[in-house]
Each structure stands twice: as C-alpha cells, then as structure tokens.
There are 2 protein chains.
Amino acid sequence: MGMSTSTRKQQAREAREDLILREAQAILLERGYLGLTMDRIAQATDYSKGTIYQHFPNKEEVVMALVTQTSSRRSAMFERAATFRGRSRERMAAIGQAAELFVRLYPDHMRSEQIVRAASVRDKTTPERRRVLEACESRCMNVAKGVVRDAIAAGDLELDPERVPELAFGLWSMHFGAFNLAVAEWPLDELGVDDPLASLRVNQHVLLDGYGWQPLFAGAFDWDATNARIAHEVFAGEWARLAGEA
Amino acid sequence: MGMSTSTRKQQAREAREDLILREAQAILLERGYLGLTMDRIAQATDYSKGTIYQHFPNKEEVVMALVTQTSSRRSAMFERAATFRGRSRERMAAIGQAAELFVRLYPDHMRSEQIVRAASVRDKTTPERRRVLEACESRCMNVAKGVVRDAIAAGDLELDPERVPELAFGLWSMHFGAFNLAVAEWPLDELGVDDPLASLRVNQHVLLDGYGWQPLFAGAFDWDATNARIAHEVFAGEWARLAGEA
DNA sequence: CCATGATTTTGACGAAGCGTCAAAATCTTG
DNA sequence: CAAGATTTTGACGCTTCGTCAAAATCATGG
C-alpha cells in the first residue's frame with residue numbers, strides 16, 4: 001500500500017465528511033434539531049447509516065462538528081477585527097461588530113450552539129471534539145484579552161491586569177446573553193425591547209464607559225465614523241454578503 | 001354530581017399533578033433531560049402512562065411546567081427585592097442579589113430553562129404554557145424597569161425614559177449570559193475566569209456606573225454594607241437555606 | 001488478469017421511547 | 001344496586017437509535 005493510496009483514501013474520507021456535514025446542515029436548517037436523524041442524513045448523502053456512523057458516533061457529534069466549523073469562522077473574524085488600525089477601544093468595537101455580524105450571518109449557528117451547550121446533549125459528545133470548540137472560545141477570549149492589555153499599556157484604560165479576564169467576561173456574557181435572547185424567538189418586544197441587537201450595541205459601550213476605557217462612548221469621539229471605517233476596512237465582504245441575503 | 005364531588009376530583013387531580021412534577025423533578029435531577037421519559041415518570045408515580053398523558057401531552061410540557069414553577073419563585077424574589085428600603089440603585093443591587101441567589105438555590109433550573117428555550121423543544125409546547133413563562137419574565141422585567149423609572153424620578157439617574165427597557169435589557173442579557181455560562185460546566189477557569197458569579201457582580205455595577213446611576217460603585221459609597229443589609233433584611237431565609245445545603 | 005485476504009459498506013435487527021386507544025376498572029346517580 | 005359516565009390501563013404501532021454479520025469493494029503479489 002503506497003503513500004498515494006493512503007492519501008487518496010484519506011481525501012475521499014474527508015470529502016465524504018464534508019458532504020455529510022453539508023447535508024446535515026441543510027436538514028437541520030429545514031427540519032430543526034429534532035428533525036435531524038441519522039437515517040435522514042444517510043438518505044440525503046446516499047450512504048448507508050453504518051457509513052455515517054463511521055464518521056460520527058451519534059447525531060450530537062454531527063451537530064457539534066457543525067458548531068465547531070462555524071465557531072472557527074467566528075474566531076477568525078475576531079482575529080481579523082483586532083487588526084483594525086485605531087485606538088484600543090476602537091479595536092474592541094471592531095470585535096463587537098464582528099460578533100454582531102457573526103450572529104447575523106449565521107443565526108442558526110446560535111440555535112445549534114445553544115443545543116450543544118445543554119448539559120444532556122454535551123454529555124453524549126466526545127471530550128476530543130469538545131476540546132476543539134473550547135479552543136475556538138479560547139481564541140476569541142484571547143483576542144479580546146489582548147486588546148484589553150494593549151489598552152492598559154497604551155494608557156487608554158486604567159485597570160489591574162488581574163482584572164482583564166473579568167472585563168472580557170463582562171463583554172462575553174452580555175453578548176452571549178443578548179444573542180441567545182435575540183435568536184430564541186421570544187416576544188422581547190412585549191417587554192419593550194424592540195431591537196435587542198441595537199440595545200446590545202449601546203450597552204456594550206456603556207459597560208466599557210463604566211470601566212473608563214478611553215475614548216468614552218459618552219463623549220465627543222465620533223463612533224459612527226469608527227463603525228463605518230470598521231465595516232469598510234475589515235468587514236466589507238461580510239456586510240456585502242449580509243446585504244445580498246436580505 | 002354535587003359541587004363537593006367536583007371539588008374533590010379537582011383536588012385529587014391537582015395533588016396528582018404535583019406528584020408527577022415532584023417525581024419528574026427528581027428524575028431530571030438524577031438522570032438528566034435525556035433520562036427523563038414518560039415511562040419512567042409513570043413508573044415513579046405508580047400511575048400508568050396514559051394517566052400521565054392526561055396531564056401533560058409530552059415531556060417537553062412537563063419540563064416547561066417545572067421551569068414555570070421555579071420561575072414564578074424568581075419573580076416573587078425580584079418583587080421582594082424591589083421592596084428594599086434604600087436608594088434606587090441599592091434596590092437594583094437587591095434585584096441583582098435576588099438573581100444570584102436564585103441561580104445558586106436552583107442551579108438545575110437554569111439547565112432546564114436552557115433546554116426549554118431551545119427552539120426545537122419549545123415548538124412542542126403549547127402556547128398557553130409558554131404564556132405563563134413569558135408572564136414570569138414580564139414580571140421580572142417590570143420590577144426592574146420600575147426601579148429604573150424610580151431612579152430617574154429621584155434624580156439618581158439621568159436617562160431618556162424611552163431607554164429604560166434598554167438599560168433593563170443590558171442587565172438581563174449580562175445576567176442571563178453569565179448564569180448560563182456559569183451553569184454549563186464549561187472550563188471557564190482555563191480562560192482566566194475563576195469565579196464567574198463574582199465577575200458578574202462587578203460587571204453589573206460597572207454597567208450601571210456607565211449609565212451614571214448614583215451612587216456609583218466606583219465611589220465612596222459603602223456597597224458592602226448595602227449588600228449585607230439586603231442579605232439580612234430581604235433574603236435572610238434564602239441565605240440560610242443555601243448555607244444549610246452546602 | 002486473477003486469487004486472496006484486508007477493508008469498507010450495507011441494511012436488517014433488537015432495544016427503547018413516543019403517543020394512542022379500545023378495553024377494563026372505577027365512580028356516579030337515580 | 002344497575003346502568004351509564006368517567007377514568008385508568010398497558011399493549012400496540014411507529015420512529016429512532018446504534019450494532020454487527022454478511023456482502024461488496026479494494027489492494028496486492030503472483
């Protein structure tokens with residue numbers, strides 16, 4: 001058995017895994033989590049159930065794989081956001097824009113992530129794949145923490161370095177909560193919240209103002225211009241795609 | 001058929017429903033969401049499956065009922081918190097303490113709520129029971145909004161009344177996110193977040209500082225004293241229970 | 001090109017849960 | 001207490017899961 005054989009097999013395997021995930025994604029989108037079954041995946045991919053099980057030990061793992069795929073895109077967007085040329089707080093604003101853009105591009109991802117996070121579902125997945133997802137989160141968190149540290153170094157923010165994770169966690173929990181509330185079609189408007197994402201945009205800035213991170217949102221700084229610049233210089237492609245889909 | 005007969009039947013029915021929910025709660029605690037089955041509930045209650053189905057059309061509704069029960073306790077705690085005698089921002093801090101106390105008293109509730117919020121699960125529940133849950137949320141939200149309005153009226157906070165829901169949503173999303181992240185046993189500590197609830201306590205105050213709500217957290221005010229007073233004057237019973245369980 | 005052994009694919013199968021419903025049990029009332 | 005109304009029961013049909021022996025396909029040396 002030559003190297004080329006092994007490679008060819010490996011490639012075929014990967015191609016098939018891609019196909020499985022593509023079809024699973026489509027089924028998930030069309031019929032929801034409960035409508036996603038291993039039999040249906042098999043049928044859609046024209047493979048037998050046994051073959052699907054060669055790739056994924058259960059459907060939770062399939063969903064986990066989908067979540068992981070998309071999550072790594074988010075990490076990449078965060079990393080790209082942090083490269084924005086501007087003051088530290090503008091770079092953090094870029095990360096915020098990345099996060100919002102992400103949920104708007106992949107609204108169904110949040111729904112899947114919610115499922116995968118539920119304890120009973122997560123218990124059926126392998127630690128290995130969980131690790132991958134944790135790594136994505138870690139990347140996002142590290143990008144954010146890096147920007148905070150840069151802010152301290154640049155003198156834009158006065159904060160004990162010990163408290164950097166705390167600040168990052170504040171942003172994360174606020175985003176996580178708002179996105180999950182926004183995506184679960186709960187009647188938020190009846191509670192007076194017409195546009196949760198808009199509220200989030202403000203609250204995130206208010207939080208950073210609370211930390212005294214310069215330049216303040218409640219100040220003379222032209223944040224509209226910054227947001228426009230971020231959209232143009234970092235996420236032009238994504239915004240175009242979003243506009244195209246709508 | 002006299003009135004007493006009807007009443008007796010009604011009472012028996014309610015007693016049975018309580019029993020079902022109690023047993024379901026126990027099973028949920030012990031075996032998780034996927035381990036909760038209608039057959040097991042039937043077995044545990046010594047009724048047949050058909051009888052269980054007389055009360056709940058599926059297990060999603062059972063969980064929904066459990067979530068609703070506990071949620072209404074949270075609403076009550078919020079309402080009690082708002083009665084705290086103090087300045088507006090202290091009263092909001094009392095609500096914060098209520099929220100934290102609640103997750104610590106019922107950590108499993110958050111897990112169930114997470115499941116019930118997932119779209120695929122929620123779709124199987126009746127609109128009627130969803131309404132009940134929404135009503136609980138509405139109560140919580142209204143308590144919070146009331147305190148914010150009081151703050152504006154008292155001059156502790158300068159804010160366009162239009163933006164009251166926005167502020168409330170900021171707190172809600174931050175809490176919701178942090179609680180869900182804390183309760184899903186994800187390795188947050190590896191991301192530098194050792195004590196998510198402690199971080200939340202700070203971040204919630206930082207957010208309100210960002211809004212300029214007096215008296216500020218980052219000021220001379222003695223917040224430790226306020227927290228102790230809240231714990232003692234409003235939630236003495238709950239804290240005792242928490243200490244007893246630990 | 002074929003034989004042979006390794007590898008992969010298949011789908012039938014047992015187990016488990018769901019929700020239903022006709023029959024059995026129980027209760028009500030004249 | 002008899003007859004009719006109501007409630008309870010659990011067996012049944014259906015769906016999904018995950019497995020595994022048999023069939024199909026592939027790799028390799030002659």
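None of the values given here were measured: they were computed from a predicted structure. Just so it is clear: chains get the letters A, B, ... in the order the sequence lines come, proteins before strands, and each one is counted from 1. Values reported hereafter were calculated over all heavy atoms of this structure, with side chains retained and with hydrogens, waters and symmetry mates removed.
- Whole-Å rounding puts the B:K59 NZ to C:dG17 C1' distance at 9 Å.
- Between the CG atom of A:L36 and the P atom of D:dG18 there is a distance of 12 Å, rounded to whole Å.
- The distance from atom NZ of A:K124 to atom P of D:dT16 is 14 Å, rounded to the nearest whole Å.
- In terms of heavy-atom proximity, A:E61 sits nearest to A:T126 at OE2-N, 2.5 Å.
- Every residue meeting the ring-ring contact (aromatic ring centres under 6.0 Å, His included) condition with B:Y106, not counting sequence neighbours, appears here in chain and number order: B:F102.
- Residue pairs meeting the salt bridge (Lys or Arg N to Asp or Glu O under 4.0 Å) criterion with at least one partner in residues 33-57 of chain B, sequence neighbours excluded, are B:D39-B:K49.
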Stepwise side chain to side chain donor-acceptor pair (under 3.5 Å) test for B:E60 and B:Y33: CA-CA 10 Å; B:E60 283 73 24; B:Y33 180 69; 3.2 Å; yes

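- Look at NE2 on B:H55: it is 10 Å from C1' on D:dT7, rounded to the nearest Å.
- Counting only residues at least two apart or in different chains, salt bridge (Lys or Arg N to Asp or Glu O under 4.0 Å) contacts with residues 100-109 of chain B comprise B:E100-B:R104, B:E100-B:R201.
- The interatomic distance linking B:D39 (CG) with D:dC12 (C1') rounds to 13 Å, in whole Å.
- Within 6.0 Å of the CD atom in A:E128, the count of heavy atoms belonging to other residues, nucleotides or ligands does not exceed 12.
- When distances are taken from the side chain of A:R16 to each of D:dC17, C:dT9, C:dG19, the shortest belongs to C:dT9.
- As rounded to whole Å, 12 Å separates atom P of D:dG10 from atom CD1 of B:I52.
- Between B:N58 and B:K124, the shortest heavy-atom distance links the atoms ND2-O, 3.2 Å.
- For the pair B:Y53 OH and C:dC21 C1', the interatomic distance rounds to 13 Å; values are reported in whole Å.
- No option in A:R74, A:M77, A:R241 other than A:M77 meets the side-chain contact (heavy atoms from CB on, under 4.5 Å) test with A:L101.
- Distance B:M38 CE to C:dC18 C1': 9 Å, rounded to the nearest Å.
- Within the 4.0 angstrom heavy-atom criterion, base atoms lie near A:T51.
- Within residues 113-121 of chain B, no residue has a heavy atom under 4.0 Å from DNA chain C.
- Residues forming a side chain to side chain contact (heavy atoms under 4.5 Å, CB included) with B:A81 (at least two apart in sequence, or on another chain): B:A94, B:I95, B:A98, B:F235.
- Contacts with DNA chain C (heavy atom under 4.0 Å) in residues 40-49 of chain B: B:R40, B:K49, listed by number.
- Checking D:dT8, D:dT19, C:dT9 against every side-chain atom of A:Q54, the shortest atom distance belongs to C:dT9.
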